[in-house]
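Here is the structure we will look at.
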There are 2 protein chains.
Amino acid sequence: MKRTVLTIITLIFTTSIFAQFGAPVLVSPEIDGNNVTIRFCAPKAIKVELNGDFLPKKEVETPQGKMLLPAPVEMTEGEDGVWEYTAKDVTPDFYTYTISVDGIQMLDPNNLKVVRDGQRISNMFIVPGEKSNEFLEAKDHKGMLSKVWYPSKAFGAERRMSVYTPFGYGESNKKYPVFYLQHGGGGDEDAWATLGRACQILDNLIAQRKAEPMIVVMPNADPNSLAAPDIMEPLPGPSIFSLGMESEELHSGGAYTKDLVEDIIPYIESHYKVIKKKEARAIAGLSMGGIYTLYTTARHPELFDYIGVLSMGFTPGRDAEAELTPIKNAGYKLYWVGCGESDMAWENAERLLKGLDEKDMEHTYFGKVGGHNWDTWRVCLKEMAPLLFK
Amino acid sequence: MKRTVLTIITLIFTTSIFAQFGAPVLVSPEIDGNNVTIRFCAPKAIKVELNGDFLPKKEVETPQGKMLLPAPVEMTEGEDGVWEYTAKDVTPDFYTYTISVDGIQMLDPNNLKVVRDGQRISNMFIVPGEKSNEFLEAKDHKGMLSKVWYPSKAFGAERRMSVYTPFGYGESNKKYPVFYLQHGGGGDEDAWATLGRACQILDNLIAQRKAEPMIVVMPNADPNSLAAPDIMEPLPGPSIFSLGMESEELHSGGAYTKDLVEDIIPYIESHYKVIKKKEARAIAGLSMGGIYTLYTTARHPELFDYIGVLSMGFTPGRDAEAELTPIKNAGYKLYWVGCGESDMAWENAERLLKGLDEKDMEHTYFGKVGGHNWDTWRVCLKEMAPLLFK
């Protein structure tokens with residue numbers, strides 16, 4: 001009888017763990033202090049390469065000139081057909097990678113942590129340490145993440161957004177300020193909560209009393225997508241990118257701004273315990289979400305006292321005078337620009353900063369970040385959030 | 001100037017879409033009516049196989065004897081190094097698959113839909129049609145999914161659970177019944193919401209008035225995991241499976257039952273608008289979660305009027321008389337058993353059904369399902385949910 005129990009439990013065990021990958025499971029990634037080893041079993045492969053944002057940097061030719069960027073490395077094959085690479089002295093942080101087998105990009109089948117950045121997927125890991133602790137669940141008192149469907153009149157459909165409510169929200173009688181946080185091109189309502197680690201960053205900042213307890217609303221700004229693709233197929237029709245080229249209004253945020261102002265904000269303000277005032281509303285966005293932030297704040301300067309533009313600024317067609325004057329006239333408490341000089345949107349950010357200077361508008365510039373990637377945007381969120389609602 | 005805008009937008013576009021996979025993106029899966037084509041680019045591979053639950057069935061030797069199971073198929077290489085396989089006349093449903101390249105299991109890099117089933121990951125797709133519509137977002141009026149941290153005294157830590165609240169919950173003044181739904185071995189709080197499609201199934205049943213509006217609580221029953229691995233690393237120490245063999249009490253649900261009864265239910269009943277009565281509480285679980293359901297209901301027969309055991313039953317050591325008598329004495333409204341004869345837990349289910357017969361306890365048996373897999377559990381949820389709270 002004991003043997004039958006053993007068989008049953010073994011079956012449950014083997015079905016879940018081993019059914020998919022016949023061979024014994026490799027440890028990958030193995031994180032030993034600051035050294036990270038990636039392993040991949042491919043006895044018949046000729047060349048296995050690793051691509052990841054934690055790899056040593058090399059000089060690469062880009063449209064912005066020569067840049068130091070993490071470069072793919074060749075993995076080394078062992079006797080057992082297991083390819084391996086160890087990156088030494090990796091700075092504690094959150095990293096993503098993929099593996100290229102004879103030129104074809106793969107995920108690491110031994111790493112269960114898969115993150116989707118809009119239209120691409122990769123594996124992730126965290127190297128524990130001072131910086132990464134800000135992106136880990138290091139503290140108790142964690143907030144709640146909800147996937148909320150709201151009726152969008154602007155797009156004529158129910159759409160899905162992510163809403164973070166801070167620890168204690170459920171029990172509290174107080175009203176909270178709200179931070180509206182936009183994703184970039186190709187993203188959706190999952191982006192800030194997964195690769196952006198928005199909940200973990202806010203949990204830690206709030207627990208350490210560095211940031212005010214706030215609600216963070218992370219909408220889906222893609223007209224073709226009512227929700228992330230695992231929940232619902234994208235709508236048929238041209239993508240936002242091709243539409244963007246045809247329709248300046250749509251690409252620059254016209255339709256999305258209507259949805260945000262007429263649907264999302266009223267939904268949040270009627271369904272959550274929030275302070276319905278300009279001084280209790282913040283808005284920020286990265287890349288395409290930065291374009292949407294600029295567009296929205298210029299047209300609705302009455303709504304937000306706190307404005308953040310990440311990895312973006314004025315694209316060449318924008319008239320800084322026209323876009324900034326309404327905001328200056330309406331008044332604001334924070335205008336925050338986060339963009340590194342190696343960011344592909346740096347020229348846009350420069351134009352925005354120049355416009356703010358010319359209009360004599362007080363602003364905070366944060367440039368201690370790298371390129372147009374999630375490492376930059378996580379750091380921006382961590383830097384900007386403590387300045388809100390104070 | 002127009003060219004600069006074009007360059008910037010092209011950069012945003014290419015970074016998001018193509019950066020990861022240098023080659024042009026393949027369409028995979030391609031769903032054309034009921035035919036599904038999977039494509040995979042691997043010019044240097046010698047053999048590429050496809051594994052998926054939508055593939056034609058073959059007779060396979062299993063511990064339960066010969067069974068008809070979906071069998072891996074070889075993909076065919078085209079001139080361009082793209083391997084392809086078309087499955088014809090696939091029944092509309094939700095399916096998962098992986099690709100095996102020279103013996104190494106991979107995900108399809110062209111399919112963004114990745115689902116994690118506890119310790120394994122695979123791609124998924126849905127073939128639209130009558131059956132699959134029950135698992136799609138076919139209707140408006142969708143409920144909300146929240147990832148909720150609650151203080152667990154039983155495990156001495158904050159732990160994460162998934163909570164579904166039906167459409168209209170936020171605006172309503174009424175109180176709702178609650179369905180506590182347990183995952184299987186190797187799973188966590190994400191399992192029922194992703195592979196189980198619990199939100200979509202409930203959304204559709206409730207919109208069609210086939211099921212009562214209810215809250216569905218999907219806890220994480222793994223003592224080693226405070227949350228899904230993308231949120232938090234598993235705790236160090238032996239896994240629940242190895243512990244299970246050493247500790248009958250832990251494996252059979254002792255620690256989890258304490259957490260459910262003393263932490264989770266009180267948290268839900270103090271934070272949500274719920275009816276705090278036996279007649280408004282249901283419990284079910286699949287596989288290991290079925291063991292936990294049996295263990296919990298036998299020891300707390302005062303709590304639940306609706307009981308569901310999916311792909312499980314009495315393991316050989318269990319005394320049906322002792323485990324069922326308390327439930328019979330306390331009274332109940334539904335005892336539901338869902339398990340197919342080809343399920344690896346069928347012998348356990350048979351023992352449970354025999355015990356229910358011997359104790360002359362009314363019950364509903366549902367057997368029109370296949371093996372020990374998510375197709376079975378989605379169908380079970382769809383069949384059982386309409387019987388609750390009526």
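Convention: sequence-line order gives letters A, B, ...; per-chain numbering from 1. Everything quoted here is computed from the prediction, not taken from an experiment.
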Relative to chain B, which segment of Y272(A) carries a heavy atom at a distance below 4.5 Å: side chain, backbone, both, or neither? side chain
Could you go through W149(A) and D140(B), starting from their C-alpha distance and side-chain angles, then the distance that decides it, and tell me whether this counts as side-chain contact (heavy atoms from CB on, under 4.5 Å)? CA-CA 9 Å; W149(A) 292 91; D140(B) 268 351; over 6 Å; no
Give the intermediate values and the outcome of side-chain contact (heavy atoms from CB on, under 4.5 Å) for residues M144(B) and Y169(B). CA-CA 9 Å; M144(B) 177 162 104; Y169(B) 173 85; over 6 Å; no
Counting heavy-atom pairs under 4.5 Å with chain A, the top scorer among K113(B), R116(B), K44(B), M124(B) is K113(B)
Among P229(A), G170(A), S270(A), which residue forms the greatest number of heavy-atom pairs with chain B at distances under 4.5 Å? P229(A)
Which atoms of N51(B) come close to chain A, meaning under 4.5 Å heavy atom to heavy atom: side chain ones, backbone ones, both, or neither? neither
So for N111(A), is it side chain, backbone, both, or neither that comes closer than 4.5 Å to the heavy atoms of chain B? backbone
Hey, which of T96(B), T194(B), D53(B), D117(B) is the one that makes side-chain hydrogen bond (donor to acceptor under 3.5 Å, both in side chains) with W374(B)? D117(B)
Between chain B and each of D230(A), L112(A), D102(A), count heavy-atom pairs under 4.5 Å; write down the option with the most. L112(A)
Over all heavy atoms of both residues, which pair between P72(B) and E49(B) is shortest? Give the atoms and the distance, please. CB-OE2, 4.4 Å
Name the residue from E189(B), H183(B), K147(B) that meets the side-chain hydrogen bond (donor to acceptor under 3.5 Å, both in side chains) definition with S162(B). K147(B)
